[in-house]
Amino acid sequence: MCNMKVDEIMDVALRRGFIFPASEIYGGVSGFWEYGNLGTLMKRKWEDAWRHHFLSLDQNYYEISTSNIMPEAVFKGSGHLEHFNDPLTACTKCNQRFRADDLITDACGKNAEDMTTEEMEVAINEENIQCPRCGGELGPVQLFNMMFCLDIGAAGGTKGYLRPETAQGAFISFKRMFEVLRNRLPIGIGIVGRVYRNEISPRQGFFRLREFNQAELQIFFDPDTFDEHASFDDVAGTPLRVRPLDREEEVEMTAGDFRDRYDIGRFYVYHMVKIQEFYLDALKVPREKFRFRELSERERAFYNKVHWDIEVDMETLGGYKEVAGIHYRTSHDLSGHQEMSKQKMQVNIDGKKFVPHVLELSFGVDRNFWALLDLAFAKEEERTVFRFPPRMAPITVAVFPLLNKQPLIEKATEIYSQLASIMQTDYDRGGSIGRRYRRQDEIGTPFCVTVDFDTLEDGTVTLRDRDTMEQKRVDENSLLGEILSRVAQ
RNA sequence: GCGGCCGUAGUGUAGUGGCCCAGCACAUAAGCCUGCCACGCUUGUAACCCGGGUUCAAAUCCCGGCGGCCGCACCA
C-alpha cells in the first residue's frame with residue numbers, strides 16, 4: 001500500500017521534474033539525488049518560508065553563508081574526526097561487517113564507545129568474541145569516517161573535508177559575527193546549504209542521502225537565561241504535541257505545563273512552540289501527523305543536554321520520521337573550537353565573562369520536501385493531485401485560453417505576463433481545457449485562470465480552485481488581489 | 001558491505017537466442033476538433049543500464065561494473 005504510494009509519487013516526480021537520480025546517464029550513484037525545475041522551485045519556497053519564519057523570531061537572527069570545504073583542524077575542534085566514525089570489523093571467513101563497539105558491549109556489557117581501535121581489538125581477543133553469524137575469526141578494527149576527505153591545493157597540500165553539517169560554519173564564524181552584531185546576546189546564525197556524509201549504505205530512496213541540504217539556526221545565549229524568554233507568556237498557553245520518554249503515545253500539554261513538568265528552560269520551549277507553528281500553520285501539516293519526540297540517552301549525542309526530534313507521520317515511510325531537531329548543545333561546540341584554535345570564544349557582557357551556550361534548530365530540507373510530497377499526494381478516481389499549501393506549490397497559477405483561438409490567446413498571454421511578474425505562473429494552450437486542468441493538478445498548482453469570450457466583452461475571467469475544482473468569475477483587475485489573498489490563507 | 005531478486009522510450013510494460021533496425025498503453029510535440037474539467041482525429045519524437053565474452057546470430061546466455069527492491073548490518 002505505502003510502496004504503491006512511493007511509486008506513484010516517484011512517477012510524477014520523475015515525469016514532471018521534481019527530483020531525479022544524480023548522474024543518471026552514467027547509471028547514478030546511490031545516495032545522490034537532484035532537483036528538477038519544479039523541485040527547485042518548491043525547495044526554494046520551503047527554504048524561504050523557513051527563513052521568513054525563524055529569522056524573524058529575533059532582531060538578532062541572521063543568515064550567513066559559509067564554506068562547504070573546511071580544513072581538518074575545524075573537524076578536530078568540532079569532534080567530528082574523533083566521533084563521526086564507526087569502528088568496523090569484518091569476519092575473516094564470511095566477510096560480514098559489524099560495529100566493533102556494539103559487539104564488545106553485547107559480549108561483556110562494557111561501554112566501548114571511547115575505546116581506541118587497539119583497545120577494541122584487545123577486548124575482542126580477551127572476550128573471545130567471534131563472528132555472530134558464522135563463528136569465524138574477526139579481523140582488525142578499522143575506523144570508517146563518514147566525512148568526505150579531500151586535498152586542498154596541489155599534492156601535499158592541506159587536508160580538508162566536505163562539511164557534514166552546516167552548524168560548524170556558524171560556530172567558527174561566531175567570534176566575528178558576535179562583533180558584527182554588536183556584542184549582544186542572544187544572536188542567531190542561520191545557514192541554509194549543502195552538507196555531505198559518506199553513508200556506508202544509503203537506503204530509503206530520497207530519505208537518506210550522501211549529499212543533502214540543511215537549514216540550521218544556531219542560537220547563542222547566556223546559559224543563565226536558559227529559563228527566560230521575553231515572549232514566553234504569549235505562548236505559554238499554546239498546546240504542544242509531544243511524545244516524551246515517559247509516555248507511550250503523543251500527548252498535548254500547554255507550553256507552560258510542559259516547561260514545569262519536564263523542567264526544560266523557557267528559552268527552549270519557546271522555540272519549540274515556534275517550530276510547531278511553522279509546521280502546523282506555514283506548512284499546513286495536519287496536527288495529528290506532527291509531534292516532538294524526546295530522544296533517549298542512547299539515541300542522542302553526549303553533548304546534547306536536551307534533545308527532541310520533530311517528526312512527521314508519513315505514509316510512504318511507514319510512520320513518524322525525523323524531519324528536524326531542537327538541541328541544547330551547551331558550550332560544547334564553542335569550547336571545542338576554543339581549545340583547538342586557541343581563540344577565545346568567551347564573551348564579556350556587562351562585566352560577565354562566559355562561553356555562550358547554543359540552542360540548535362536543525363532541519364533536513366530534503367526530508368521536509370519529501371514530507372510535503374507525501375502529505376499532499378492524492379490519487380483520486382479521475383485525477384492525480386498534490387494538495388500543497390498554495391505557498392509551497394512550485395507553480396502558483398496557470399493561465400489558459402479556453403480555446404486555441406487568436407483573440408483568446410492574445411488576452412491570455414497578456415494576463416500571463418502580468419501575473420508572471422509577481423508570482424510563479426504557467427501558461428498552457430495544449431490539448432483540451434480539461435487536460436490542462438489535470439496537468440496542473442498533477443503538479444499541485446492551486447489556481448488556474450481561464451480566458452474565454454466573455455473576457456473579451458466584460459473583462460472577467462474564471463478562477464478555478466485546485467481542491468474543490470470550483471470556478472468563480474473574477475474581474476481581471478481584481479484577479480491578482482484575489483489570488484494573493486487566497487495564497488495567504 | 002553481504003545474500004536473494006531485478007534493470008526494455010519520460011512512465012508502466014510485451015518480448016527468454018534468429019519472427020525485434022523491438023510491440024502496446026499512458027505521457028509528450030505539431031496540427032485538427034473542442035464555448036470549462038483527462039480518456040476524439042492525424043502525423044511525429046523517443047528505449048533494450050554500461051563494458052567485455054560465448055555464438056553464424058544476443059534485449060534474451062556468461063562474467064564484471066553501476067543502479068534498484070527486500071532481508072542482515074549501518075545511520076556521531
Side-chain angles (χ1 to χ4, degrees), chain A residues 3 6-17 20-32 36 75 78-91 93-103 113-114 131-134 143-147 164-165 197-205 207-210 298-304 307 321-322 327 332 380-385 400-405 408 428-442 448-456 461-466 468-473:
Chain A
N3 270 337
V6 174
D7 291 346
E8 281 162 356
I9 291 177
M10 281 312 303
D11 174 24
V12 179
L14 292 168
R15 263 189 314 105
R16 304 305 305 271
F20 43 77
S23 306
E24 211 179 356
I25 62 166
Y26 288 102
V29 198
S30 159
F32 293 87
F75 300 106
S78 72
H80 280 88
L81 273 181
E82 205 183 332
H83 294 289
F84 198 60
N85 47 37
D86 295 334
L88 297 180
T89 178
C91 172
K93 223 167 143 189
C94 70
N95 246 331
Q96 183 81 347
R97 275 160 200 274
F98 303 94
R99 272 192 66 156
D101 52 343
D102 285 352
L103 289 182
E113 242 175 67
D114 295 325
C131 173
R133 193 199 199 190
C134 72
L143 287 183
F144 176 78
N145 195 281
M146 309 252 293
M147 286 192 292
E165 58 176 11
R197 296 182 186 184
N198 200 0
E199 299 282 352
I200 297 171
S201 161
R203 282 281 175 85
Q204 301 171 66
F207 208 69
R208 236 177 97 206
L209 304 172
R210 285 180 167 138
R298 202 184 144 73
E299 286 175 294
R300 66 178 192 244
F302 67 91
Y303 48 79
N304 280 341
H307 183 157
K321 292 286 169 185
E322 172 192 3
H327 319 129
H332 172 79
E380 298 178 355
E381 205 173 310
E382 294 214 326
R383 61 175 188 162
T384 298
V385 57
F400 316 133
L402 179 61
L403 300 174
N404 253 322
K405 301 255 153 94
L408 294 182
D428 189 357
R429 61 184 195 83
S432 70
I433 186 74
R435 181 81 210 107
R436 290 177 242 160
Y437 286 139
R438 294 302 142 86
R439 274 203 273 254
Q440 296 301 327
D441 289 340
E442 191 180 52
C448 293
V449 171
T450 301
V451 170
D452 57 22
F453 290 102
D454 291 347
T455 310
L456 305 177
V461 295
T462 60
L463 178 59
R464 181 255 194 189
D465 180 88
R466 176 195 65 202
T468 61
M469 294 196 261
E470 275 165 15
Q471 298 178 71
K472 181 183 164 190
R473 279 211 90 84

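The analysis underlying the following values was restricted to heavy atoms, covering all of them including side chains, and did not include hydrogens, waters or symmetry mates. Each chain gets a letter, A, B and so on, in the order its sequence line appears, and its residues count up from 1.
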task: Round to the nearest Å and state the distance from A:Y26 atom OH to B:C66 atom P.
output: 16 Å
- request: Mind calculating the distance between CD (A:E24) and C1' (B:C66) to the nearest angstrom?
  value: 13 Å
message: Could you check whether the side chain of A:R383 and the base of B:C37 have a donor-acceptor pair of N or O atoms closer than 3.5 Å, going by distance alone?
response: no
task: Whole angstrom is fine here: how far is it from CG in A:L14 over to P in B:A9?
output: 12 Å
query: Between A:R439 and B:C37, is there a side-chain N or O to OP1/OP2 distance below 4.0 Å?
result: no
- prompt: Between B:C37 atom P and A:R438 atom CZ, what is the distance in whole Å?
  reply: 9 Å
message: Please report the distance separating the C1' of B:U60 from the corresponding atom of B:U34, rounded so that it comes out in whole Å.
response: 46 Å
field: Atom-pair distance (CG on A:N145; P on B:C74), nearest Å
entry: 18 Å
message: Using atom P in both nucleotides, what's the gap between B:C49 and B:U13 to the nearest angstrom?
response: 14 Å
statement: Checking B:G68, B:U34, B:C36 against the side chain of A:Q471 (C-beta onward), the nearest is B:C36
- prompt: Within the modelled atom types, does a donor on one side and an acceptor on the other bring the side chain of A:Y437 and the base of B:C36 under 3.5 Å apart?
  reply: yes
query: When rounded to the nearest Å, what value does the distance between C1' atoms of B:U55 and B:C72 take?
result: 40 Å
query: If we take the P atom in both B:U28 and B:U16, what is their distance in whole Å?
result: 32 Å
message: Distance check, P atoms only: B:G15 and B:G53, in whole angstrom units.
response: 29 Å
- prompt: Using atom C1' of each nucleotide, how far apart are B:C50 and B:G67 to the nearest Å?
  reply: 11 Å
- request: Could you give the distance separating B:C20 and B:A59 at their C1' atoms, to the nearest angstrom?
  value: 9 Å
query: Can you tell me the Watson-Crick or wobble partner of B:G10, both distances under 3.5 angstrom?
result: B:C26
- request: Establish, with yes or no, whether the OP1 or OP2 oxygen of B:U34 is under 4.0 angstrom from a side-chain nitrogen or oxygen of A:R435.
  value: no
message: Distance check needed: B:C33 P versus A:K405 NZ, whole Å only.
response: 7 Å
- prompt: Atom CZ in A:F302, atom NE2 in A:H332: separation rounded to 0.5 Å?
  reply: 4.5 Å
query: Nearest nucleotide by nearest heavy atom, which residue falls closer to the 5' end of RNA chain B, A:R473 or A:Y303?
result: A:R473
Integer angstrom distance from the C1' of B:C21 to that of B:A9: 15 Å
